[in-house]
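Data first, discussion second: the structure below is written as structure tokens.
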Amino acid sequence: MLLALHLRHAALLAAALAPLLSPTTSAEPDGCWLEEREGIRVLHLAGTNEERGEAEGFHLADEIQECFEEFVLGYVTADRPALWDLVLRPGILLRFSFSDEDRAWARAVVKGMERARGGPIALEAIDRDLSFHDVLAFSAVPDLEGWACSSLAAWDDATNDGRVLACRNLDYPSTPSIEEHQIVKVHAPDGARAGWIGIGWPGSAGCLTGLSDRGVFVAIHDVVPQTTSGSGRTTPRALALEELVESLSPGERTGAAALAALRAHRFAMGANVLVAWDGEDARGAVVLEVDSDDERTGGVTLRDPGTDATFIACSNDHVVRSEDLYGCDRREALRRGAKRGGIDVEAAWELLEDSGMSITLHRCVALPAARTLLVQKHAGGSWGPVERFVVPEPGDHR
């Protein structure tokens, strides 16, 4: 009898301690799940900042590690992975500014990866485990080396229905894992922050291509100025664009609001940022030309459509702020297509193909009024099918 009581007490104690001693396997927050559509993985994210980060790490642990090891420790270091710890990561963390929220997100990503794997993530090439500092620095890698990209936004008589249509090529050097693991992230709204869809990479924060549930589209392009002189930390451009897509709304002052938001930061590399919007009372687009070395205009200049009036094309040259303007054949090809007027989705795909490059990683066509993003991914030497995504309205995320 006494032995039976002891055994019963031991069983009860074991049951009480089990949640503390066993690996965490709790369900994801509402709105966090992973799906796949014709070769494009789609990660749905909701909840707190930390919950979103942990969900990304948990669902994409293998992809994050593969992209980091092959691209960062391979391509970025020119196959000398020791340079990451000796030079590159310390330099990024010293030069770039990351918020407490960014750091909490990065810690949560690593936590999610470790939960998925049941322990630390070993990086054999540098003989240590992955840390949140690696994840933070990964998000600033696009600011180390610029390449290309091109885009067009059109509306009124330049499109077939008068609504805004925006399209873009993202051109950047890659490795097989970077091509293959391009991912669509669906972000639920969070308080005053809009919900949005972005195309990026597992374990990399920010926005390079995005469309919000308010009808705002943003896309980044690299430009020749690649270094910032002077003192002070700089913001990774992808994080500044995430701020734009989450905060802007269509209106008469959308362009001015985007200009003010970018001028609040300093950047380590030049850029052009296309911002297009389509709401009930306002539609249009601008390009923000970024060069933090030029302090005369707060480092950012707004380029509006000017005489083109109903469209604006963008590539890798500063048009307004450059004193040594050089033409870009890809930008001019997009302008010629817009001048013909009546652009529809099919015509937009043709323009993207004509202005693309051998390093184009994805193409997309955005219909901001319909909150619709059409995405085509390049991987394995060929283009996949076009997939259609609709940004959920607030309250529609499961």
Side-chain angles (χ1 to χ4, degrees), residues 34 40-45 49-50 52-77 84 88-89 92-93 95-99 101-113 116 121 123 130-147 149 170-187 196-210 218-220 222 234-246 267-269 271 361-362 364 375 377 379:
L34 182 68
I40 298 180
R41 287 194 165 188
V42 186
L43 180 64
H44 300 258
L45 295 168
N49 179 55
E50 287 83 358
R52 297 179 195 223
E54 186 170 352
E56 183 163 345
F58 179 78
H59 285 296
L60 298 170
D62 292 344
E63 291 83 354
I64 293 171
Q65 182 173 7
E66 187 175 336
C67 285
F68 184 81
E69 289 183 330
E70 187 184 277
F71 185 69
V72 175
L73 299 183
Y75 172 80
V76 174
T77 67
W84 179 248
L88 293 173
R89 191 183 79 157
I92 289 173
L93 297 177
R95 185 177 190 185
F96 291 89
S97 176
F98 298 96
S99 68
E101 188 175 63
D102 298 329
R103 293 173 183 276
W105 174 85
R107 286 189 176 93
V109 168
V110 175
K111 179 181 178 182
M113 294 176 70
I121 310 302
L123 301 174
L130 182 76
S131 80
F132 82 94
H133 285 122
D134 297 312
V135 176
L136 271 183
F138 187 20
S139 300
V141 165
D143 293 61
L144 301 182
E145 182 177 27
W147 283 83
C149 296
L170 185 136
D171 307 318
Y172 201 74
S174 65
T175 63
S177 65
I178 288 293
E179 278 200 272
E180 178 60 33
H181 296 321
Q182 294 178 85
I183 190 168
V184 170
K185 298 180 186 180
V186 182
H187 302 261
W196 59 286
I197 287 180
I199 313 166
W201 284 272
S204 182
C207 174
L208 302 176
T209 305
V218 301
I220 195 169
D222 296 326
T234 59
T235 301
R237 295 172 305 165
L239 297 181
L241 262 68
E242 182 174 12
E243 177 186 331
L244 288 185
V245 77
E246 289 181 339
F267 300 98
M269 177 180 287
L361 296 181
H362 68 247
C364 68
V375 178
K377 182 183 84 171

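Atom SG of residue Cys364 and atom CD1 of residue Ile197 lie 10.5 Å apart, to the nearest 0.5 angstrom. To the nearest 0.5 Å, the span separating CH2 on Trp201 from OG on Ser174 amounts to 8.5 Å. For the atom pair SG (Cys67) and CD (Glu179), the distance works out to 11.0 Å, reported to the nearest 0.5 Å. Within the model, atoms CZ of Phe98 and CG of Leu136 stand 5.0 Å from one another, a figure rounded to the nearest 0.5 Å.
Taking 4.5 Å as the limit, some side-chain heavy atom of Lys377 sits within range of a side-chain heavy atom of Glu180. At a threshold of 4.5 Å between non-hydrogen side-chain atoms, the residues Thr234 and Ser97 do not count as touching. Looking at Leu34 and Arg41, their side chains come closer than 4.5 Å, going by heavy atoms from C-beta outward. Inter-residue side-chain proximity for Leu144 and Ile92 is flagged as met; some heavy-atom pair is nearer than 4.5 Å. Within the 4.5 Å cutoff, the side chain of Phe138 has heavy atoms near those of the Val72 side chain. When side chains are defined from C-beta on, Ile183 does not count as touching Ile199, because their heavy atoms never get closer than 4.5 Å. No side-chain heavy atom of Cys149 sits less than 4.5 Å from a side-chain heavy atom of Tyr172. The closest side-chain heavy-atom distance from His133 to Leu93 is below 4.5 Å.
Contact detail for Ala238 and Leu208: the closest heavy-atom pair is CB-CD2, 3.9 Å. Taking both residues in full, the closest heavy atoms of Leu239 and Ala205 are given as CD2-CB, 3.9 Å, listed atom of the first, atom of the second, then distance. Scanning both residues, Asp143 and Met269, for their nearest heavy atoms gives O-CE, 3.5 Å.
In this structure, Glu63 contributes its side chain and Pro202 its backbone to no donor-acceptor pair below 3.5 Å. Counting only distance, with no hydrogens or angles, the side chain of Asn49 and the backbone of Glu101 share a donor-acceptor pair below 3.5 Å.
No hydrogens or angles considered: nothing links the side chains of Arg237 and Ser139 as a donor-acceptor pair under 3.5 Å.
Scanning for side chain to side chain donor-acceptor pair (under 3.5 Å) contacts around His181 gives Glu66, with sequence neighbours left out. Take Phe68 and apply the ring pair (Phe, Tyr, Trp, His ring centres under 6.0 Å) test, not counting sequence neighbours, and it matches Trp84. Residues passing the ring pair (Phe, Tyr, Trp, His ring centres under 6.0 Å) test with Phe96, sequence neighbours excluded: none. The side chain to side chain donor-acceptor pair (under 3.5 Å) search around Thr235 returns His265, not counting sequence neighbours. Every side chain to side chain donor-acceptor pair (under 3.5 Å) that Gln65 has, sequence neighbours left out, goes to Glu69, Arg117.
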Acceptor/donor pairs from residues 102-109 side chains to any protein atom, 3.5 angstrom cut, sequence neighbours excluded:
{"from": "Asp102", "atom 1": "OD1", "to": "Ser99", "atom 2": "OG", "distance (Å)": "3.4"}
{"from": "Asp102", "atom 1": "OD2", "to": "Ser99", "atom 2": "N", "distance (Å)": "2.9"}
{"from": "Asp102", "atom 1": "OD2", "to": "Ser99", "atom 2": "OG", "distance (Å)": "3.1"}

* Decide yes or no on side chain to side chain contact (heavy atoms under 4.5 Å, CB included) for Leu43 and Leu45, but give the supporting numbers first. => CA-CA 6 Å; Leu43 180 64; Leu45 295 168; 3.8 Å; yes

* To do: Test Trp196 against Glu246 for side chain to side chain donor-acceptor pair (under 3.5 Å), laying out the working first.
  => CA-CA 7 Å; Trp196 59 286; Glu246 289 181 339; 3.2 Å; yes

* Which is it for Arg89 and Ser131 under the side chain to side chain contact (heavy atoms under 4.5 Å, CB included) test, yes or no, and what are the steps along the way? -> CA-CA 11 Å; Arg89 191 183 79 157; Ser131 80; 3.0 Å; yes

* Asked: Can Leu361 and Ile178 be said to form a side chain to side chain contact (heavy atoms under 4.5 Å, CB included), step by step?
  -> CA-CA 9 Å; Leu361 296 181; Ile178 288 293; 4.2 Å; yes

* Stepwise side chain to side chain contact (heavy atoms under 4.5 Å, CB included) test for Thr77 and Leu88 -> CA-CA 8 Å; Thr77 67; Leu88 293 173; 3.8 Å; yes

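Partner Val375 forms a side chain to side chain contact (heavy atoms under 4.5 Å, CB included) with one of Thr209, Val42, Ile40 and no other, that one being Ile40.
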